[in-house]
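To start, the structure under review is shown below, and the notes come after it.
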Amino acid sequence: MLRDPGSIIVAFLVSAAVGGAIAGFLFSLAYLVNDLAPGVSHWTGLYMVVVLIVLGIAAGFIGYLVGLTVLVAPLWAVLHRLGRRGRALAVLVGGGVSVLVAFLAHGGDDTARNLVYAVAVLAVAGGAAGWVLHRMAYRPLR
């Protein structure tokens with residue numbers, strides 16, 4: 001059984017924060033590993049790491065919040081009405097929608113390796129977001 005609407009809004013926000021944090025952190029690390037110039041000093045590099053990770057997490061939160069609102073909320077409403085309310089399905093839908101977005105956003109300039117990495121990161125982040133959303137929205141009140 002669903003909780004009250006206020007709890008569902010909080011569940012969406014926390015789910016977007018979890019998915020965005022995972023995706024933003026992992027994409028930022030991948031960028032730093034692949035594209036950081038070898039001539040950058042240690043402290044400048046450390047500053048860049050912190051700033052890039054914070055910006056990546058913020059961008060990931062916004063992206064996941066928009067995705068949850070535009071794509072997942074209508075799908076979730078349909079699945080809820082059909083009685084499909086399992087945690088495994090929530091994880092699959094979260095990961096599946098994230099992978100679908102990765103394929104749709106893929107421009108064609110990237111190499112296949114970059115696309116595979118993006119799909120893997122977004123599948124993990126989306127699955128975690130789906131798990132958190134289900135856990136917070138359907139967990140019985142104590």
Side-chain angles (χ1 to χ4, degrees), residues 1-38 40 42-142:
M1 179 167 185
L2 279 174
R3 291 183 172 184
D4 60 292
S7 296
I8 293 172
I9 291 171
V10 171
F12 265 80
L13 292 173
V14 172
S15 179
V18 167
I22 292 171
F25 181 75
L26 292 176
F27 279 127
S28 298
L29 284 182
Y31 174 77
L32 289 169
V33 167
N34 290 330
D35 296 330
L36 192 60
V40 176
H42 177 68
W43 291 110
T44 304
L46 182 62
Y47 174 74
M48 285 176 60
V49 167
V50 171
V51 168
L52 188 61
I53 288 175
V54 169
L55 290 176
I57 290 172
F61 171 74
I62 292 169
Y64 267 86
L65 190 59
V66 169
L68 281 168
T69 304
V70 173
L71 299 172
V72 174
L75 184 59
W76 185 29
V78 169
L79 290 173
H80 181 79
R81 296 287 277 164
L82 293 174
R84 307 288 185 204
R85 300 180 182 128
R87 184 170 294 146
L89 184 62
V91 171
L92 286 173
V93 166
V97 168
S98 295
V99 167
L100 177 66
V101 168
F103 279 114
L104 292 176
H106 177 63
D109 304 355
D110 294 341
T111 63
R113 189 184 95 219
N114 290 343
L115 180 62
V116 168
Y117 182 78
V119 165
V121 166
L122 291 177
V124 169
W131 186 86
V132 168
L133 183 62
H134 181 275
R135 175 94 174 150
M136 291 186 72
Y138 287 107
R139 185 172 161 193
L141 296 174
R142 292 181 188 199

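Worth knowing before you read on, the calculation uses all heavy atoms, side chains too, and leaves out hydrogens, waters and symmetry mates. Only a predicted model underlies this, so the values are computations on that prediction, with no experimental measurement involved.
- Around atom CZ of Arg87, more than 12 heavy atoms belonging to other residues, nucleotides or ligands sit under 6.0 Å away.
- Val99 approaches Ala123 most closely through the heavy-atom pair CG2-CB, 3.7 Å.
- Put simply, the side chain of Tyr117 reaches to within 4.5 Å of the side chain of Leu26, judged on heavy atoms.
- Considering every non-hydrogen atom in both His134 and Ala90, the closest pair reads CB-CB, 3.6 Å.
- Ring-plane geometry between Phe12 and Trp76 is classed as tilted, the angle between the planes lying from 30 to 60 degrees on a 0 to 90 degree scale.
- Interatomic distance, CD1 of Ile57 versus CZ of Phe27, reported as 13.0 Å (0.5 Å rounding).
- Minimum interatomic distance between Gly56 and Ser28 (heavy atoms only, all atoms of both residues): CA-OG, 3.7 Å.
- In this structure the side chain of Tyr64 reaches within 4.5 angstrom of the side chain of Leu122, judged on heavy atoms.
- Of all heavy-atom pairs spanning Gly126 and Ser98, the tightest one is CA-OG, 3.3 Å.
- Across all their heavy atoms, Ser15 and Ala129 have their closest contact at OG-O, 2.6 Å.
- Under a 3.5 Å cut-off, the side chain of His80 and the backbone N or O of Arg85 do not form any donor-acceptor pair.
- Shown here for Gly19 and Ala125, the closest heavy-atom pair between the two residues is O-CB, 3.5 Å.
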